[in-house]
Amino acid sequence: MIESIPTPQCIKWRTGILESISILKTVIENELTRLDKKAGYVLANRWLGRVNARLTYCDQYITDLSGEDLAKWAERQSRDLEIGIAQYQTKQGAGAVRAFLQEQATIAGAVFNDWEDSDKVNGLMLRMVTPEWWKRQAKRQWIVVEQILRECGQVHRNASPYASSWALNKFRQQLQNNRAFLESWEAVNDCGQAFTLAQLSEKGISNPKNRKAELMVRIRGFEEMAADLGHESYFITITCPSKYHPVSNGRRNRKYLKADCPTVREAHAYLNGVWKRFRTYCKNHDIPFYGLRTVEPHHDGCPHWHMITFIKPENAEHFLSAFRRYAMEEDGAEKGAEEHRFTVVKIDPSKGTAAGYAAKYVSKNIDGDDIDTDLETGRSGQDAAQRITAWARLNRIRQFQFVGGVSVTVWRELRRLGADAAPKAFSDIYHAANRADWSKFVQLMGGAFAGRNQTLKPHYSEPELNQFGEMASCVKGVCRAADVVITRLYEWTVQRVGTGSESLALKNGEAVPWTCVNNCTGGNFSPQYQTN
């Protein structure tokens, strides 16, 4: 028999916790009431205890760390760390300082695995004494709040699909903050040309329209190349077992609670595990393939993958059967697994193209401009795209990844150059990139399976000390053996708009050139993609 009525002591204990997390109080109270009835107050208390522990970060509640409170907290954390470093250095030496840094990094949730490398440890230390580092670490904990809201049933098509209302509001505020920052800083080159960071961001792939155009150009190029080579194309979807879904068939999923409420990143790690084992199998059995992988959430936030793959016809059956086997290894006998866990559609060029299949998912995951209504949620395409982007940013999930092919860095660097600066040593590759012909570009670079043997490679600058005392290089152009073409022609300094000072990167009071932004000549930036 389920004991659903908590004791007076339980109620008092619960009240103390709920009063401390006021932002989530109502949502968590409702979930406790549900768990009391469905699973008993003892299990509900255990869940609340885990919620309280997860929300506690560096002796603060994550929900309290935002706005001015976050700024003050970050200042205090960086100042206390600097004082602690000085004390340990004076009294116990470098070894004690390293142990102290390791302890503080662990508390902050930072992932760092190079504790034996003194230069990297020193770089970490110089980052940790800045408030910005602590702000970033704290914001990464927002994923915990989102996970708790998922556990409380706040993320699904009938509530807030893909991401909670809380996460969506955070994302929108961050977009506004980012825009304000970009408009208030400018990049000035050694020729005196100045552009706001907002202007420069519009010219690169941070602009959703440019990002979408490049993705479509590349997948269309793969499709054209596959047709020339006689390769077959398949549209594949793999999903997670039922226990990774908070909601199933419109109801709260008991398997999810029994599995200890897996997070979005844990579900994504499951899919990555399947993918890694399968790719190893393909490598060991000489089954090469290429294509595009996209990641998007179900309405309840659980990720699934769509893939467009191109493969030699003689390898297709072996490829698909092995992929299915790996996808069905975990809970493959559960209800619905056979129909939904791994699905395959062979793309028939007479009925539709690979680019056509990709267009829907690319648009849905970027801006939604070409989608009237999102079929999974019934919302507009733009609303769905914004929610999906918020989900991906919060969970730090890479939405698109190409498999096979050649370096897109080389492609982008060549497209920086004007036609009058076309490199003579490899003009054919340049012109393929400049006219957005990904198929020809890949073939000239060595083909879809060129790997490290591709014709051109990125050319990097000589390592220089950055503001954290680390030797760092940045892309300067492209090269083939001794033939080097410089594509980044200017040194840039980032400063507040109109001030001519207050550089974003400072060292000993002097501006440090920053060369990782778009290099431009006058108002003529790299050529735009033609998508029709």
Side-chain angles (χ1 to χ4, degrees), residues 205 211-238 271-295 305-324 326-327 342 344-347 349 353-359 361-362 365 397-415 429 432-433 436-458 478 480 529:
I205 59 169
R211 186 184 184 203
K212 183 165 67 173
E214 183 184 88
L215 285 166
M216 292 307 302
V217 164
R218 293 175 69 189
I219 194 63
R220 185 175 64 187
F222 269 163
E223 183 176 30
E224 292 169 352
M225 186 173 65
D228 292 340
L229 297 173
H231 294 170
E232 294 180 345
S233 55
Y234 293 87
F235 181 76
I236 301 171
T237 300
I238 59 172
L271 293 172
N272 259 319
V274 171
W275 180 240
K276 289 177 182 177
R277 293 194 299 276
F278 172 65
R279 289 193 69 177
T280 300
Y281 179 91
C282 288
K283 182 178 180 180
N284 292 340
H285 291 78
D286 192 24
I287 307 176
F289 61 95
Y290 54 101
L292 171 66
R293 181 219 71 180
T294 68
V295 184
W305 288 14
H306 297 295
M307 284 173 284
I308 294 176
T309 58
F310 302 94
I311 190 167
K312 296 176 181 179
E314 61 269 25
N315 292 333
E317 184 177 353
H318 189 182
F319 173 88
L320 294 172
S321 63
F323 205 167
R324 172 178 285 275
Y326 281 103
F342 181 85
V344 179
V345 175
K346 184 177 181 180
I347 299 175
T353 65
Y357 274 88
Y361 297 99
V362 168
N365 282 272
I397 288 177
R398 183 177 180 178
Q399 292 174 279
F400 305 98
Q401 184 174 18
F402 280 86
V403 182
V406 294
S407 171
V408 73
T409 299
V410 171
W411 163 274
R412 292 169 182 163
E413 291 303 311
L414 288 175
R415 286 174 59 82
I429 299 178
D437 187 346
W438 179 257
S439 174
K440 189 65 173 179
F441 176 80
V442 171
Q443 293 179 55
L444 291 171
M445 286 279 285
F449 311 123
R452 296 182 180 180
N453 296 319
Q454 63 185 21
T455 307
L456 301 181
K457 297 181 179 180
V478 298
R480 179 176 61 187
Y529 287 106

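Residues take their numbers from the sequence shown, with the count starting at 1.
- Proximity of a side-chain donor or acceptor of Gln399 to a complementary backbone N or O of Val295 within less than 3.5 Å is not detected.
- Under the ring pair (Phe, Tyr, Trp, His ring centres under 6.0 Å) criterion, Phe400 pairs with no residue, sequence neighbours left out.
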For residues 449-458, tabulate all N or O donor-acceptor pairs below 3.5 Å that involve a side-chain atom, not counting sequence neighbours.
| residue | atom | partner | partner atom | Å |
| --- | --- | --- | --- | --- |
| Gln454 | OE1 | Ser407 | N | 3.0 |
| Gln454 | NE2 | Leu456 | O | 2.9 |
| Thr455 | OG1 | Leu444 | O | 3.0 |
| Thr455 | OG1 | Met445 | O | 3.3 |
| Lys457 | NZ | Arg452 | O | 3.1 |

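- Partners of Thr353 by side chain to side chain donor-acceptor pair (under 3.5 Å), not counting sequence neighbours: none found.
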Phe402 vs Leu215, side chain to side chain contact (heavy atoms under 4.5 Å, CB included): CA-CA, chis, key distance, verdict: CA-CA 9 Å; Phe402 280 86; Leu215 285 166; 3.5 Å; yes

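- Sequence neighbours left out, not one pair with a member in residues 309-318 passes salt bridge (Lys or Arg N to Asp or Glu O under 4.0 Å).
- The shortest distance between side-chain heavy atoms of Asp286 and Pro288 falls below 4.5 Å.
- With sequence neighbours excluded, the residues satisfying side chain to side chain donor-acceptor pair (under 3.5 Å) with Glu232 are Tyr234, Lys346.
- One finds the OH atom of Tyr357 at 7.5 Å from the CZ atom of Phe235 (value rounded to the nearest 0.5 Å).
- For Lys212, the salt bridge (charged side-chain N to carboxylate O under 4.0 Å, His left out) criterion is met by Asp367, Asp370, not counting sequence neighbours.
- When side chains are defined from C-beta on, Val217 counts as touching Trp411, because their heavy atoms get closer than 4.5 Å.
- Between the side chains of Thr294 and His306, no donor N or O sits under 3.5 Å from an acceptor N or O.
- The side chain to side chain donor-acceptor pair (under 3.5 Å) test applied to Glu413 returns Arg416, Thr487, Arg488, not counting sequence neighbours.
- Looking at Ile219 and Val362, their side chains never come closer than 4.5 Å, going by heavy atoms from C-beta outward.
- For Arg277, the salt bridge (charged side-chain N to carboxylate O under 4.0 Å, His left out) partners two or more places apart in sequence, or in a different chain, are Glu329.
- By the 4.5 Å heavy-atom criterion applied to side chains, Arg220 and Trp438 are not counted as neighbours.
- From Met216, atom CE reaches atom CD of Glu223 across 8.5 Å, with rounding to the nearest 0.5 Å.
- Partners of Arg293 under the salt bridge (charged side-chain N to carboxylate O under 4.0 Å, His left out) rule, at least two apart in sequence or in another chain, do not exist in this structure.
- The side chain to side chain donor-acceptor pair (under 3.5 Å) search around His318 returns Tyr281, not counting sequence neighbours.
- Ile429 has its side chain within reach of Phe441: a pair of non-hydrogen atoms, C-beta onward, lies under 4.5 Å apart.
- With sequence neighbours excluded, the residues that form a ring pair (Phe, Tyr, Trp, His ring centres under 6.0 Å) with Phe310 are Tyr290.
- Smallest separation of non-hydrogen atoms from Ala327 and Ile238: CB-CG2, 4.4 Å.
- Side-chain contact between Val403 and Met307: absent, with no pair of heavy atoms (C-beta onward) separated by less than 4.5 Å.
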Checking Glu214 against Arg412 for the salt bridge (Lys or Arg N to Asp or Glu O under 4.0 Å) test, could you report, in this order, the C-alpha distance in whole Å, the side-chain angles of both residues, the deciding distance, and whether it holds? CA-CA 10 Å; Glu214 183 184 88; Arg412 292 169 182 163; 2.6 Å; yes

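- The line from SG of Cys282 to CG of Asn315 is 9.0 Å long, rounded to the nearest 0.5 Å.
- The aromatic rings of Trp275 and Phe289 lie perpendicular to each other, with more than 60° between the two planes, well past the 30° mark.
- To the nearest 0.5 Å, atom OG1 of residue Thr309 and atom NE2 of residue His231 are 12.0 Å apart.
- The shortest distance between side-chain heavy atoms of Ile287 and Phe278 does not fall below 4.5 Å.
- With contacts defined as side-chain heavy-atom distances shorter than 4.5 Å, the pair Asp228/Gln443 qualifies.
- Separation of atoms CD1 (Ile236) and CG (Leu320) is listed at 5.5 Å; rounding is to 0.5 Å.
- Across Ile308 and Ala354, no two heavy atoms sit closer than the pair CD1-O, 3.3 Å.
- Across all non-hydrogen atoms, the minimal contact from Gly405 to Val442 is CA-CG1, 4.5 Å.
- For Phe342, the ring pair (Phe, Tyr, Trp, His ring centres under 6.0 Å) test picks out Phe323, with sequence neighbours left out.
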